[in-house]
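All values reported here derive from a predicted model rather than from experimental measurement. The chains referred to below are lettered A, B, ... by the order of the sequence lines, with proteins before strands, and numbering in each begins at 1.
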Protein chains: 2
Amino acid sequence: MVGIKDVAEAAGLSVATVSRALNGNPSVSDAARERVLAAADALGYRPNVVARSLRTHRTGTIGLVISDVLNPYFTELARSVEEEARALGYSVIIGNADERADLEDHHVRNLLERRIDGLLVSPADGHSPRTLEAASGPTPVVFVDRWIPGVDVPVVRSDGRGAIRDLVDHLCSLGHRRLAIITGPTATTTGRERVDAFRETLAAHGIPLPESYIGRGDFQVESGRLATERFLDLPERPDVVFATDNLMALGALDAIGERGLRVPHDIGLAAFDDIPWFSHTDPPITTISQPTAELGRVAVRALADLVEGGAASSTVLPAHLVVRRSCGEPDPRTPSGGAARE
Amino acid sequence: MVGIKDVAEAAGLSVATVSRALNGNPSVSDAARERVLAAADALGYRPNVVARSLRTHRTGTIGLVISDVLNPYFTELARSVEEEARALGYSVIIGNADERADLEDHHVRNLLERRIDGLLVSPADGHSPRTLEAASGPTPVVFVDRWIPGVDVPVVRSDGRGAIRDLVDHLCSLGHRRLAIITGPTATTTGRERVDAFRETLAAHGIPLPESYIGRGDFQVESGRLATERFLDLPERPDVVFATDNLMALGALDAIGERGLRVPHDIGLAAFDDIPWFSHTDPPITTISQPTAELGRVAVRALADLVEGGAASSTVLPAHLVVRRSCGEPDPRTPSGGAARE
DNA sequence: ACGGTGCGTGTAAACGTTTACATGATAGGA
DNA sequence: TCCTATCATGTAAACGTTTACACGCACCGT
């Protein structure tokens with residue numbers, strides 16, 4: 001491999017000058033700069049960023065630990081994170097936790113050992129020891145989407161509570177009374193927030209949420225299927241089930257289809273996270289949409305601020321309801337206030 | 001940051017012994033090993049992999065450049081790559097090319113500068129200069145899914161031609177005669193393979209493929225929509241359109257839905273790549289399924305072989321047809337031979 | 001008692017950069 | 001003309017590891 005040394009030799013200059021020329025240091029003469037560039041080009045010189053990082057203590061890399069790469073919500077997040085990071089001069093290393101705390105641990109450790117400049121994490125579960133450790137360590141950390149309460153780290157997330165209120169209002173306006181929910185892991189903040197907001201709004205409408213109408217999922221397809229099967233076995237089947245992420249909604253659809261039931265005629269379905277396929281399912285699915293790409297961008301900017309010595313603050317972006325047909329046809333005379341329509 | 005030096009001091013040993021103990025070198029006494037481990041633990045020592053990499057010329061990292069993170073096919077690939085790589089002791093850095101040659105270039109360069117041990121790439125386009133350069137450079141390279149003809153690099157891919165033959169047979173058996181195709185970029189091998197196999201099988205059935213029935217797409221949603229709109233504007237609308245990836249199929253669905261047309265009654269639709277949503281669209285979509293996760297695993301193993309000094313060979317895995325309802329109901333008396341059914 | 005063997009440990013160089021500091025040349029001011 | 005400031009460049013240390021080599025010691029066979 002050709003190094004800075006070879007370039008120096010070819011250009012008849014010292015390594016210091018070559019390094020300076022390559023880094024755009026102003027205190028190098030035009031003549032020297034030209035010779036360096038020519039030599040580097042001729043030799044096909046490629047900087048060795050690992051050596052550079054060792055010396056500078058900066059890797060130009062941020063880590064992103066997401067909960068599940070197979071979840072379109074997170075891939076969209078990852079994409080916008082990478083895009084913004086690239087614009088800011090950083091590379092991104094993605095770690096996929098598959099909703100498992102041990103994998104999250106693995107990736108957090110791995111990324112820290114690689115001496116990333118900053119870490120973006122969507123904690124799968126509040127109990128990953130490495131994540132907690134990282135949060136109080138020297139490497140800047142920003143939580144995105146989910147966070148860990150009580151940990152003093154900036155959070156960039158969206159607040160789904162308003163949209164969930166709109167959703168429940170919408171469901172009630174359609175005449176539904178038996179509402180069920182498939183939750184995420186209650187150890188995650190998003191999991192808890194969604195079920196809490198749901199329960200509170202139900203209470204405001206004077207509707208109870210019996211334990212049998214709460215399915216405990218883990219944000220994965222299979223758990224959505226299982227929870228839905230349990231609902232369908234109930235003597236009093238719910239009018240509509242609200243799956244708190246898109247994968248569990250897919251599982252619910254699987255379970256409903258397997259019984260030969262039809263949405264929304266036999267049972268309604270609502271979801272969280274809007275993904276392109278939701279317009280094309282049978283029927284199109286009513287869901288709550290987050291400003292996913294924006295979340296990623298804001299999170300990266302917050303982290304970059306932190307890395308560069310600034311002080312980042314938390315951001316909360318609103319989510320909104322997107323009404324489609326999976327909960328029944330809305331009565332045109334009584335639009336539910338404030339909810340967005342397609 | 002606490003380094004090996006601090007550990008050495010705390011343990012009352014030299015850095016060499018500490019390094020050896022930490023790396024499981026057998027020539028260190030149990031007593032010393034224990035002291036080292038205790039000291040490292042007490043100090044919260046974390047190895048600095050960038051220093052290690054500089055010295056050993058190995059980063060324990062492989063790069064993966066995929067064509068599009070938003071494409072579920074590639075995220076499934078990425079997931080299996082990471083999983084297998086982790087099992088083999090490697091980390092993965094993913095670069096997303098978004099089907100753009102310039103981004104592919106960017107990521108290939110970036111990864112090589114990071115001195116990854118090996119590179120897995122699904123070339124977006126045959127003309128990315130860096131990818132070609134990398135293929136003949138010192139860093140081991142394996143192509144996955146797509147490849148560049150004439151470049152001497154192992155390829156791990158699936159062969160869709162057999163499945164496309166099955167698909168065309170299936171469509172003909174349903175009585176369809178006007179078959180249209182939305183291709184990928186013809187600079188990609190998968191793009192070309194799919195249209196070639198389609199055209200050949202059509203010819204074998206004595207059916208022409210007029211230019212107007214070939215929509216030139218780029219594996220992205222929007223191009224699928226545009227191509228489909230053009231088909232729908234034709235005086236003789238095709239009986240069925242075959243979108244050669246899942247995103248363009250989504251675009252086609254968009255276009256068809258916007259005209260108020262119904263699949264398969266007004267027009268049939270077939271796709272390439274099976275994704276979970278295809279069972280839940282309206283109607284469920286007939287498609288060609290690749291052994292995606294297996295492709296990822298095999299590719300990683302091939303690359304790891306190469307990295308460790310072995311000689312890797314190419315692998316071709318078969319794809320197969322999955323018949324659903326988007327091309328019309330099959331006549332139960334004439335099952336199309338060999339095609340898998342759900 | 002002696003040379004050889006092996007084992008555990010230490011010393012120091014090396015990996016490819018960046019950068020503080022030193023140096024030499026040039027130019028400017030008096 | 002000399003002193004000094006400025007500028008371009010060079011020298012060498014440092015970043016945190018790994019590892020070739022050297023060393024000292026205990027043990028073995030003769």
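- Here A/T17 reaches the OP1 or OP2 of D/dG10: one of its side-chain N or O atoms lies under 4.0 Å away.
- Note on A/T56: only backbone sugar-phosphate atoms sit closer than 4.0 angstrom, heavy atoms only; bases stay farther off.
- Taking atom CZ of residue A/R114 and atom P of nucleotide D/dC15, one finds them 23 Å apart after rounding to whole Å.
- In this structure, B/N48 does not reach the D/dC15 phosphate: none of its side-chain N or O atoms is under 4.0 Å from OP1 or OP2.
- Between B/D102 and B/R100 a salt bridge is recorded (basic side-chain N to carboxylate O distance below 4.0 Å).
- If you check every strand for non-hydrogen atoms under 4.0 Å, A/S29 touches sugar and phosphate atoms only.
- For C/dT17, its base never sits under 3.5 Å from the side chain of A/R55 at any donor and acceptor pair.
- Considering only the side chain of B/R52, D/dT18 comes nearest among D/dA12, D/dT18, C/dT17.
- Whole-Å rounding puts the B/H57 NE2 to C/dG16 C1' distance at 9 Å.
- In this model, the phosphate group of D/dT17 is not approached by any side-chain N or O of B/S19 to a distance below 4.0 Å at OP1 or OP2.
- Residues A/S67 and A/R146 have side chains that bring a donor and an acceptor to within less than 3.5 angstrom of each other.
- Counting atom types as modelled, A/R20 pairs a side-chain N or O with a base atom of D/dG10 as donor and acceptor under 3.5 Å.
- C/dC15 atom P lies 14 Å from atom CG of A/L54, rounded to whole Å.
- At whole-Å resolution of the value, CG in A/D6 and P in C/dT17 are 9 Å apart.
- Following rounding to the nearest Å, A/N23 (CG) and C/dT19 (P) show an atom-to-atom distance of 7 Å.
- Regarding A/R33, its CZ atom lies at a distance of 14 Å from the P atom of D/dC7, rounded to whole Å.
- B/E113 places its CD atom 10 Å from the P atom of C/dT17, with the value rounded to the nearest Å.
- Under the 4.5 Å side-chain criterion, counting only non-hydrogen atoms from C-beta, A/R46 is not in contact with B/L112.
- Nearer the 5' end of DNA chain C, as judged by each residue's closest nucleotide, is the contact made by B/A32, out of A/K5 and B/A32.
- Computed from coordinates, the B/L13 CG to D/dT18 P distance equals 15 Å when rounded to whole Å.
- Looking at B/R114 and B/T61, their side chains never bring a donor and an acceptor atom within 3.5 Å of each other.
- Taking all atoms of both residues into account, the shortest heavy-atom contact from A/A78 to A/L64 is CA-CD2, 3.8 Å.
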